[in-house]
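Okay, so here's the structure we're looking at.
Lettering follows sequence order; numbering is per chain, from 1.
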There are 2 protein chains.
Amino acid sequence: MFSIGDLSRRTGVKIPTIRYYEQMGLLDPPDRSEGNQRRYSRDGLQRLSFIRHARDLGFNIEAIRELIDLGGHPEKPCRDADRIVAEQLEAVRNKIARLNQLERELHRMSTQCEAKCIRDCYVLHSLSDHRLCDTDH
Amino acid sequence: MFSIGDLSRRTGVKIPTIRYYEQMGLLDPPDRSEGNQRRYSRDGLQRLSFIRHARDLGFNIEAIRELIDLGGHPEKPCRDADRIVAEQLEAVRNKIARLNQLERELHRMSTQCEAKCIRDCYVLHSLSDHRLCDTDH
DNA sequence: CTTGAACCTCAACCGACTAGAGGTGTTACT
DNA sequence: AGTAACACCTCTAGTCGGTTGAGGTTCAAG
């Protein structure tokens, strides 16, 4: 049996976050000690590791709930799990594309300013005037 | 003079968001009509465009506040503006690096699963077992 | 003068936590 | 058995950057 602190140390998930996951229904309410403290089984630990890993990969709480549900129905086709991952992959790729645009724009801003004072600062001018931008955003 | 709706249409910033920016001190409280409705000058419109552009580039409210303050002191050196942009550029690059890792991992998950049902689904197995990952996250 | 769209304020909500107050349980050591 | 230190409990409120809705007022066209 593990205390909430044990789980926290083993998974790297902070204690209040573990309680939050319980409240959100991602973790089943564990047994309690005589003094009402949470006592987790090895299953509870594995479940939390799963959640941690999924969060690290950027899945939101709702998606994780779905993935957990799927895990409870081993006979079902894994089409749904594939779909959830595919959606997440697309979301990540979109973010990357967007951030690459921003990176170019910011890099351009930071290298083109040769002014000595704010009055002529390229940074502030390009923030004020969209036409100085490369990409449309 | 522009109404808040005019500003919204011209900048693409939603009306409650404009009021929120005012509350956050990014926009000066504008004049009001007889009936207490906001009436913006061309300056107000430009200020909001500036904010919109900076938000699009990912600057947070605090950074935008700093940039606006800098704009009010044209004689100062633009070192501070450069620093803010450089910080943002680094933050964006870090996010990109992280998302590229996730992209690889998710892509691997989504292509390696050839199972027909959840029991053998590679997706769920790799979420459960960190050792199946390429990168450390 | 009326109608309907646009506007006002205020409060609550979103996601995914984090922080703090005020109180109780557990454990190691004497 | 007592005590000190630390871990844990619940509950509330705060974070960021907004969004949503209720309930009421003003504006502009016909």
**OP:** In sequence, state the C-alpha distance, the side-chain angles, and the governing distance for A/Glu105 and A/Arg108, and then conclude on salt bridge (charged side-chain N to carboxylate O under 4.0 Å, His left out).
**Re:** CA-CA 5 Å; A/Glu105 204 59 59; A/Arg108 217 162 56 85; 2.8 Å; yes

**OP:** Given side-chain contact (heavy atoms from CB on, under 4.5 Å), test B/Tyr40 with B/Leu45 step by step and report yes or no.
**Re:** CA-CA 7 Å; B/Tyr40 293 91; B/Leu45 175 59; 6.0 Å; no

Subject >> From CA spacing to verdict: side-chain contact (heavy atoms from CB on, under 4.5 Å), A/Glu103, B/Leu89 >> reply: CA-CA 6 Å; A/Glu103 198 274 342; B/Leu89 181 54; 3.9 Å; yes

Original post:
After noting the C-alpha distance and the side-chain angles of A/Asp56 and A/Arg52, does the key distance pass the salt bridge (charged side-chain N to carboxylate O under 4.0 Å, His left out) rule?
Top reply: CA-CA 6 Å; A/Asp56 280 349; A/Arg52 169 81 213 258; 3.3 Å; yes

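Contact check of residues 25-49 of chain B against DNA chain C (heavy atom, cut-off under 4.0 Å) returns B/Arg32, B/Asn36, B/Gln37, B/Arg38. Within residues 14-23 of chain B, the residues that place at least one heavy atom under 4.0 Å from DNA chain D are, in residue-number order, B/Lys14, B/Pro16, B/Thr17, B/Tyr20, B/Tyr21.
When DNA chain D is scanned 5' to 3' for any atom under 4.0 Å from a heavy atom of chain A, the first and last hits are D/dC8 to D/dT10.
Using a 4.0 Å cut-off between a side-chain N of Lys or Arg and a carboxylate O of Asp or Glu, A/Arg19 and A/Glu22 do not qualify as a salt bridge. A salt bridge links A/Glu62 with A/Arg65; the closest basic N to acidic carboxylate O contact falls under 4.0 Å.
The main-chain N or O of B/Ile64 is never found under 3.5 Å from a side-chain atom of B/Arg55 such that the two would form a donor-acceptor pair. Judged by distance alone, with hydrogens and angles left aside, the side-chain atoms of A/His107 form no donor-acceptor pair with the main-chain N or O of A/Leu102 at under 3.5 Å.
Proximity of B/Leu57 to B/His53: side-chain heavy atoms (C-beta onward) are separated by under 4.5 Å at one or more points. Using a 4.5 Å heavy-atom cutoff, the side chains of A/Val123 and A/Gln112 are not in contact.
Every pair passing salt bridge (charged side-chain N to carboxylate O under 4.0 Å, His left out) that includes a residue from residues 74-87 of chain A is listed here, sequence neighbours excluded: A/Glu66-A/Arg83, A/Arg83-A/Glu87. Identified under the side-chain hydrogen bond (donor to acceptor under 3.5 Å, both in side chains) test for residues 2-12 of chain B, with sequence neighbours left out: B/Ser3-B/Asp6, B/Asp6-B/Arg9.
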List every contact pair, protein side and nucleotides 2-5 of chain C side both N or O, where the distance is under 3.5 Å.
none

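Atom C1' of nucleotide C/dC14 and atom CD1 of A/Ile61 are separated by 13 Å, given to the nearest angstrom.
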